[in-house]
Amino acid sequence: MKDKVTIHTLKRQKQAGQKICMVTAYDATFARLFDEAGADVLLVGDSLGMVVQGHDSTLPVTMDQMVYHSAMVARGTKRALVVGDLPFMSYQVSAQEAVRNAGRLVAEGNVGGVKLEGGAEFADVVSAIVRASIPVMGHLGLTPQSVHKMGGYVVQGRDEDAARKMVDDALALERAGCFALVLEGVPLDLARQITQKLTIPTIGIGAGKHCDGQVLVCYDLLGMNPDFKPKFVKRFTNLHGSITEAAGAYFSEVRAGNFPDEEHSFKGKQPVRLMPTQPAATEALPAEVGDKLGPIYGAPV
C-alpha cells in the first residue's frame with residue numbers, strides 16, 4: 001500500500017504539478033473501492049442529503065448524520081485522506097460551535113480534515129478550527145448551503161466584481177489556514193487565476209482543468225442517475241443500466257423458480273427426517289387458540 005495521504009501530501013502534489021483525485025463517498029463499501037482505485041481524498045459530502053437521503057438540497061443534513069457517514073467511510077479507507085463536510089448551521093452561529101462540531105467529525109467520525117463553505121466572512125471560524133489542530137478545506141463558488149441566497153445552483157464569479165471578490169475570499173481563506181480549496185461552478189479562467197495565486201491546492205468541480213485537482217460526486221461519475229447530467233459531469237460508466245439489468249435478471253430467475261438452484265443451496269452430511277410433535281403448552285391454551293396452532297416441525301429423528 002502506498003503511504004497514507006495527508007494534507008502535506010496534497011501540497012507536495014501541487015508543487016510537483018501532480019493532479020489530486022478526490023471523489024465523494026458515503027459508506028464503507030464505496031470508500032474501500034475508491035481507496036483501492038487510487039483516490040487521494042475521499043469527501044464525505046453533505047451532498048448525501050440529495051444522493052442518499054433523497055432531499056432536493058443539502059440543507060436538511062445534520063451533524064449526527066455527517067458523523068455517522070464519516071465514520072463508515074473512515075472504516076473503509078486505508079490510504080486516502082478522509083474529509084468530512086460541516087453541514088448547514090453547524091459552523092455559522094459561532095466559532096466556538098464550529099470548533100465543537102469540527103471536533104466531533106474528527107473524534108467520532110475519524111476524519112482527517114473538515115470542509116466548510118464560505119469566504120472571508122468565515123476566516124475567523126477557519127482560524128479557530130485550525131487553532132484546535134483540525135485541518136480545514138475551504139469551498140468557494142457555487143456553495144450549495146447558500147442556494148437560496150444565490151437564487152439557485154448557478155455558476156458564480158462571471159462578472160468582474162464577483163470575480164475579484166472570489167479571489168479576495170480565496171486569499172483570505174489561505175491566510176486563515178485552509179490546507180486546500182474547492183472551487184465549484186466557477187469560470188475556467190477565474191479558477192486558473194485563483195489556482196496560480198494560492199500556495200494551497202485548488203480542487204475543482206465545474207471549474208475547469210487548471211485546478212490542482214478534481215472532485216465529482218461518486219454516483220455521478222458512475223452514471224447511476226440518468227436524469228441528472230449537468231455540464232461538468234462526465235459519466236465514466238453506466239451503473240444505472242448494469243444494476244437494473246442485474247436486478248431484473250435476479251427477479252426473473254426467482255419468479256421462474258430457477259434461483260436458488262442446487263449449486264447455491266446447502267447440503268447436510270446425513271438426510272434429516274422431520275416429524276410433527278405437539279407443543280407441551282397446547283393443553284393450557286383456550287380451545288379456539290389451540291385449534292389454530294397446528295403441528296410444530298423441526299425435531300430431527
Side-chain angles (χ1 to χ4, degrees), residues 19-61 65-66 68-70 72-73 76-77 80-88 111 115-117 137-147 150 152-157 180-188 191 201-247:
K19 296 291 187 180
I20 297 166
C21 297
M22 184 161 89
V23 63
T24 66
Y26 312 102
D27 60 43
T29 297
F30 271 102
R32 176 172 48 80
L33 291 171
F34 293 133
D35 193 55
E36 292 175 356
D40 297 312
V41 184
L42 293 179
L43 173 64
V44 189
D46 59 2
S47 49
L48 68 88
M50 302 174 77
V51 298
V52 176
Q53 298 175 342
H55 296 297
D56 59 4
S57 76
T58 65
L59 301 181
V61 178
Q65 291 166 351
M66 288 307 308
Y68 173 76
H69 284 274
S70 294
M72 286 193 288
V73 170
T77 306
L81 173 67
V82 178
V83 176
D85 260 337
L86 283 171
F88 182 59
V111 302
K115 182 174 75 65
L116 60 80
E117 300 178 6
M137 176 181 285
H139 186 158
L140 291 176
L142 197 169
T143 47
Q145 291 180 21
S146 303
V147 60
M150 294 183 300
Y153 298 99
V154 294
V155 175
Q156 301 295 301
L181 182 63
V182 170
L183 297 175
E184 180 173 358
V186 175
L188 184 147
T202 61
I203 300 175
I205 175 168
K209 65 180 183 179
H210 300 299
C211 294
D212 297 305
Q214 298 293 326
V215 59
L216 282 176
V217 170
C218 62
Y219 296 144
D220 293 344
L221 75 88
L222 295 174
M224 297 181 72
N225 182 0
D227 300 323
F228 180 73
K229 193 179 186 303
K231 181 179 178 65
F232 62 84
V233 167
K234 178 177 180 179
R235 292 175 181 154
F236 289 83
T237 189
N238 176 26
L239 281 196
H240 176 270
S242 299
I243 291 172
T244 54
E245 181 180 352

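Index from 1, following the sequence.
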Gln65: which residues meet the side-chain contact (heavy atoms from CB on, under 4.5 Å) condition with it, sequence neighbours left out?
Gln53, Val61, Thr62

Side chains of Pro230 and Phe228, heavy atoms from C-beta outward: is any pair under 4.5 Å?
yes

What are the two closest heavy atoms between Asp46 and Pro87, and how far apart are they?
OD2-CA, 4.2 Å

What residues, two or more places apart in sequence or in another chain, satisfy side-chain contact (heavy atoms from CB on, under 4.5 Å) together with Ser57?
Leu59, Pro60, Tyr153

To check you understand the geometry: which heavy-atom pair defines the closest contact between Cys218 and Thr24, and what is its length?
N-OG1, 2.9 Å

Here the pair of heavy atoms bringing Gly84 nearest to Ser70 is CA-OG, 4.2 Å

If we ignore hydrogens and angles and just use 3.5 Å, is the side chain of Asp35 paired with the main-chain N or O of Ala80 as donor and acceptor?
yes

Qualifying ring-ring contact (aromatic ring centres under 6.0 Å, His included) pairs, either residue in residues 33-53, two or more places apart:
Phe30-Phe34

Report yes if some heavy atom in the side chain of Leu142 is under 4.5 Å from a heavy atom in the side chain of Val155; otherwise report no.
no

Quick check: do Gln214 and Cys21 have side-chain heavy atoms less than 4.5 Å from each other?
no

Take Val83 and Val111, measure what side chain to side chain contact (heavy atoms under 4.5 Å, CB included) needs, and give me the verdict at the end.
CA-CA 6 Å; Val83 176; Val111 302; over 6 Å; no

Counterpart residues, side-chain contact (heavy atoms from CB on, under 4.5 Å), relative to Ala207 (two or more places apart):
Leu183, Val186, Ala191, Cys211

Return the CD1 to NZ distance between Ile203 and Lys19, rounded to the nearest 0.5 Å.
11.0 Å

When you measure from the side chain of Asp40 to the backbone N and O of Ile20, does any donor-acceptor pair fall under 3.5 Å?
no

Would you indicate whether the side-chain heavy atoms of Gln145 and Thr58 approach each other to under 4.5 Å?
yes

Contact summary for Asp27 and Val73, nearest pair of heavy atoms:
N-CG2, 3.6 Å

Would you mind telling me which of Leu48, Leu43, Val51 makes a side-chain contact (heavy atoms from CB on, under 4.5 Å) with Val217?
Val51

Got a sec, which pairs hit salt bridge (charged side-chain N to carboxylate O under 4.0 Å, His left out) with one end in residues 207-220, sequence neighbours left out?
Lys14-Asp212

Determine whether more than 12 heavy atoms belonging to other residues, nucleotides or ligands lie under 6.0 Å from atom OH of Tyr68.
no

Please name all residues satisfying side chain to side chain donor-acceptor pair (under 3.5 Å) with Ser47, sequence neighbours left out, ordered by chain then number.
Tyr26

For the backbone of Ala31 and the side chain of Thr77, can you confirm whether one donor and one acceptor N or O come within less than 3.5 Å of each other?
no

Which atom names give the shortest non-hydrogen contact between Leu181 and Gly138, and what distance separates them?
CD1-C, 3.5 Å

Student check: side-chain heavy atoms of Thr143 and Gln156 closer than 4.5 Å
no

At what distance, to the nearest 0.5 angstrom, does CG of Asp56 lie from CE of Met50?
6.5 Å

Should Leu42 and Met22 count as side-chain neighbours, where that means a heavy-atom distance under 4.5 Å?
no

Test side chain to side chain donor-acceptor pair (under 3.5 Å) applied to His139 - qualifying residues, sequence neighbours left out
Lys115, Glu184

What residues form a side-chain contact (heavy atoms from CB on, under 4.5 Å) with Arg235, not counting sequence neighbours?
Lys229

Val182 side chain reached by Met137 side chain, heavy atoms, under 4.5 Å
yes

I need the minimum non-hydrogen distance between Asp85 and Met66, along with the two atoms involved.
O-CE, 3.4 Å

